[in-house]
Amino acid sequence: MNSPNPALVSQREAQPLPRAILLVFCAAYVLPGLFSRDPWKSADITAFGYIVDIAQGKTPWLAPTVGGLPADGAILPYWIGAVFVKLTSPWLDPAIAARLPFALLLALAFAFTWYAAYHLARSESAQPLPFAFGGEAAPADYARAIADGALLALIACLGLLQLGHETTPELAQLAAVSLYLYGLAASPHRRFAGGIAVAIALPALAASGAPSISLLLAVVGIVVAFISHDKQLRRLAAFIAVGAVFAIVAATALGAWADRLGEYRKATQFIGLAKMIAWFAWPAWLLALWTLWRWRRQLLSQHIAVPLACGAALLAVWLAMGGADRALMLALPPLAVLAAFALPTLQRSTASAIDWFSVFFFTIAAATGWIFYAAMQFGVPAQLAANVAKLSPGYVHRFSLPALIFALAGTIAWGWLVSWRAGRRRHPLWKSLVLPAGGVSLCWLLAMTLLLPPVDNARSYRSMIQRISRQVPASGCVAAPDMSRPRVVALEYLGGYRVDAVTPAATTHCDFLLLDRAAKAPGAPWRFVNRERRLRDDDDAIDVYRRSAPPG
């Protein structure tokens, strides 16, 4: 008999990943970079500026501004960050306090993705075929193994590495998308919990700056509910409709509606899109395509239809927004869930290719990080030390024993993981994603421990603000018309200035004027003082002017 179900899984293959190891994976991914660094350019420090100004009472909660510049409608994430800053003040640095809830949002995205995959794998259509003489995987064990694979696939996606560790509204959007995916997946088993999840996820997504995506997912969810082979999913349509109504209300009340469509003017842009998704969603996109091929006769079943519909809708949003990487990040949870269902059907040669690529790529990357660390610490090799100083001029190297211990522990764990995977008797479904997820976690850990000083210096505005402070006293009023939001926040938070970013140079009462390098030079009464660059060979520069006569 030619069954539409391609999954043949034994009980031995359905071994779940031990909870302690899975939690260590998540902690090694989420926690590095949480401490001992500045807010980074550009979106990271922009969101932080609105958060800290709201928390300190410098701007109203409903209409936050930075230097007079209004927010873009993603108010909910700013509120979440501001609450944490207020609750932890003055015991915790505002930069760390603002970062904590976004780390929790990333952890929630992981949890919702895991449970979404688990409930989808528990559906009848997703269960593996029974063996003639028994020994097939138990439903719960099979579902846990699939869910472990989905979480590992999400961690392994390279595009989530930096964007997932920033203080930006997109992390709240990622958590909301994962919650919505969980609601669709859990509704046949937990009708009320699934309905509440989708009813909360849609307005949360809208209040986080993505109302159009929220409504698109609502339409997709209702369509999937009615065309899916699983009749229990149709009961969710009413909850989705309620969530969509609340999303419209929230977006209208917070002014979150905006046109963010992109443009395509050159054919080479499409080549760039292909390159972006190839590395951004690796290896999830490859396994997701394999899932669609092997499960092609069950595309309307819940375990395929739900992640496929959500993933396709979010990829369409990514294309409509001109290939914005932050839009592509939202498609990673459904792609990871789709990728997990490729594991029961994955050929040994494909799994071996993923393993060997991961071993070579991440081992070389980790070794490179250690070599650069040795060059920074001891000056040998001298050329590498000079390269680091050139790429991140002015950074101050500091030795940190805890950072070294964590880096050594992560490297030893990587060696053990490679040794474990090389064993001949390793049968769990999730085995092919252990090395990609472990390698990504290791590289992030090394970057945030061994290489943090030059990385933080290169990504922060602190060095530029320190040079500006030599020309502009901290108590001075600074006019910065048409200045970008990240620079305005850097001037306020890192420099301690009172910044007016909306009043033109001709009418401002401030004694100092800061302009982007590309801006037209002002006339009298402004006198040019100096040009300060963020990096030595960077065009990211600010021209400093001083008033030569009192304001009229």
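Considering only residues two or more places apart in sequence or on other chains, Arg531 meets the salt bridge (charged side-chain N to carboxylate O under 4.0 Å, His left out) condition with Asp543. Under the ring pair (Phe, Tyr, Trp, His ring centres under 6.0 Å) criterion, Phe280 pairs with no residue, sequence neighbours left out. When the side-chain contact (heavy atoms from CB on, under 4.5 Å) test is applied to Leu286, the partners found at least two apart in sequence or on another chain are Trp282. Taking the side-chain contact (heavy atoms from CB on, under 4.5 Å) definition, one finds that Phe361 meets it with Phe357, sequence neighbours left out. Partners of Tyr182 according to the ring pair (Phe, Tyr, Trp, His ring centres under 6.0 Å) rule, which considers only residues two or more places apart in sequence or in another chain, are His119. Leu261 pairs by the side-chain contact (heavy atoms from CB on, under 4.5 Å) definition with Asp259, Ala320, not counting sequence neighbours. Scored by the salt bridge (charged side-chain N to carboxylate O under 4.0 Å, His left out) test, Arg398 finds no partners at all (sequence neighbours excluded).
For the pairing with Phe102, the side-chain contact (heavy atoms from CB on, under 4.5 Å) check across Val30, Leu34, Ile51 returns one residue only, Ile51. Exactly one of Leu154, Leu445, Leu160 qualifies for a side-chain contact (heavy atoms from CB on, under 4.5 Å) with Tyr29. That residue is Leu160.
Using a 4.5 Å heavy-atom threshold, the side chains of Val502 and Leu69 count as touching. At a threshold of 4.5 Å between non-hydrogen side-chain atoms, the residues Pro481 and Leu513 count as touching. The shortest side-chain heavy-atom distance between Ile277 and Trp318 falls under the 4.5 Å cut-off. Using a 4.5 Å heavy-atom threshold, the side chains of Ser463 and Asn457 count as touching. Between Thr46 and Pro39, every side-chain heavy-atom pair lies at or beyond the 4.5 Å cut-off. Considering only heavy atoms from C-beta on, Arg326 comes within 4.5 Å of Thr168 through its side chain. Counting only heavy atoms from C-beta outward, the side chains of Leu446 and Thr411 approach each other to under 4.5 Å. Taking the side chain as every heavy atom from C-beta outward, Val66 and Thr59 never approach each other to under 4.5 Å.
Listed by first and then second residue, the salt bridge (charged side-chain N to carboxylate O under 4.0 Å, His left out) pairs that reach into residues 17-32 are Arg19-Asp148, sequence neighbours excluded. Listed by first and then second residue, the disulfide bond (SG atoms under 2.5 Å apart) pairs that reach into residues 43-79 come to none, sequence neighbours excluded. The side chain to side chain donor-acceptor pair (under 3.5 Å) contacts involving residues 151-164 comprise Gln162-Glu166, where partners must be two or more places apart or lie in separate chains. Evaluation of the side chain to side chain donor-acceptor pair (under 3.5 Å) test over residues 433-445, restricted to residues two or more places apart or in two chains, returns His165-Trp444. Applying the ring pair (Phe, Tyr, Trp, His ring centres under 6.0 Å) test to every pair with at least one member in residues 452-497, sequence neighbours left out, gives these pairs: Phe48-Tyr493.
The CZ atom of Phe372 sits 4.5 Å away from atom CG of Leu384, with the distance rounded to the nearest 0.5 Å. Note: Phe25 CZ to Ile21 CD1 = 8.0 Å, rounded to the nearest 0.5 Å. Atoms CG and CG, on Leu328 and Leu319 in that order, are 9.0 Å from each other to the nearest 0.5 Å. The distance from the CG atom of Leu181 to the CG atom of Leu330 is 12.0 Å, given to the nearest 0.5 Å. In this structure, the separation between CG on Leu62 and CD1 on Ile75 is 8.0 Å, given to the nearest 0.5 Å. For the atom pair CG of Leu314 and CE of Met329, the computed distance is 11.0 Å after rounding to the nearest 0.5 Å.
Under the 30°/60° scheme for interplanar angles, the aromatic rings of Trp420 and Trp430 are found to lie parallel.
When all heavy atoms of Leu273 and Gly323 are compared, the closest pair comes out as CD2-CA, 3.4 Å. The shortest non-hydrogen separation linking Ala256 to Pro211 is O-CG, 3.5 Å. Closest approach of Ser432 to Ile354, counting heavy atoms only: O-CG2, 3.6 Å. Of all heavy-atom pairs spanning Gln173 and Ser208, the tightest one is NE2-O, 2.9 Å. The minimum heavy-atom distance linking Ala375 with Pro381 is given by the pair CB-O, 3.6 Å. The two atoms that bring Leu287 and Ala339 nearest to each other are CB-CB, 3.6 Å, heavy atoms only.
A donor-acceptor pair under 3.5 Å is formed between the side chain of Arg534 and the backbone N or O of Ala458. Not one N or O on the side chain of Trp414 forms a donor-acceptor pair closer than 3.5 Å with the backbone of Gly439. With Ser392 contributing its side chain and Val455 its backbone, the two residues share no donor-acceptor pair below 3.5 Å. Without hydrogens or angle criteria, Gln269 side chain to Lys266 main chain gives a donor-acceptor distance under 3.5 Å. Looking only at distances, no side-chain donor or acceptor of Arg485 sits under 3.5 Å from a matching main-chain atom of Ala43. In terms of modelled atom types and a separation under 3.5 Å, the side chain of Ser178 and the main chain of Leu174 share a donor-acceptor contact. Counting only distance, with no hydrogens or angles, the side chain of Ser419 and the backbone of Gly415 share no donor-acceptor pair below 3.5 Å. Judged by distance alone, with hydrogens and angles left aside, the side-chain atoms of Arg99 form no donor-acceptor pair with the main-chain N or O of Thr167 at under 3.5 Å.
In this structure, Asp482 places its CG atom where only 12 or fewer heavy-atom neighbours from other residues, nucleotides or ligands lie under 6.0 Å away. Other residues, nucleotides and ligands contribute only 12 or fewer heavy atoms inside 6.0 Å of the CZ atom of Arg546. Around CZ of Phe406, the count of heavy atoms belonging to other residues, nucleotides or ligands within 6.0 Å does not exceed 12.
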Go through the steps to decide whether Val472 and Leu491 satisfy the test side-chain contact (heavy atoms from CB on, under 4.5 Å), and finish with yes or no. CA-CA 11 Å; Val472 183; Leu491 290 168; over 6 Å; no
I would like to know whether Leu315 and Trp285 meet side-chain contact (heavy atoms from CB on, under 4.5 Å); could you show each step before the answer? CA-CA 11 Å; Leu315 288 177; Trp285 69 266; over 6 Å; no
Working for side-chain contact (heavy atoms from CB on, under 4.5 Å), residues Met483 and Ile542: CA-CA 9 Å; Met483 185 75 71; Ile542 293 179; 4.3 Å; yes
Apply side-chain contact (heavy atoms from CB on, under 4.5 Å) to Leu22 and Val24, showing your working. CA-CA 5 Å; Leu22 189 61; Val24 168; over 6 Å; no
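Between Trp356 and Phe360, a ring centre-to-centre spacing shorter than 6.0 Å is recorded.
Stacking of Arg547 on the aromatic ring of Trp526 is recorded, both the 6.0 Å distance cut-off and the 45° axial limit being met.
A salt bridge links Arg37 to Asp44: at least one charged side-chain nitrogen sits closer than 4.0 Å to a carboxylate oxygen.
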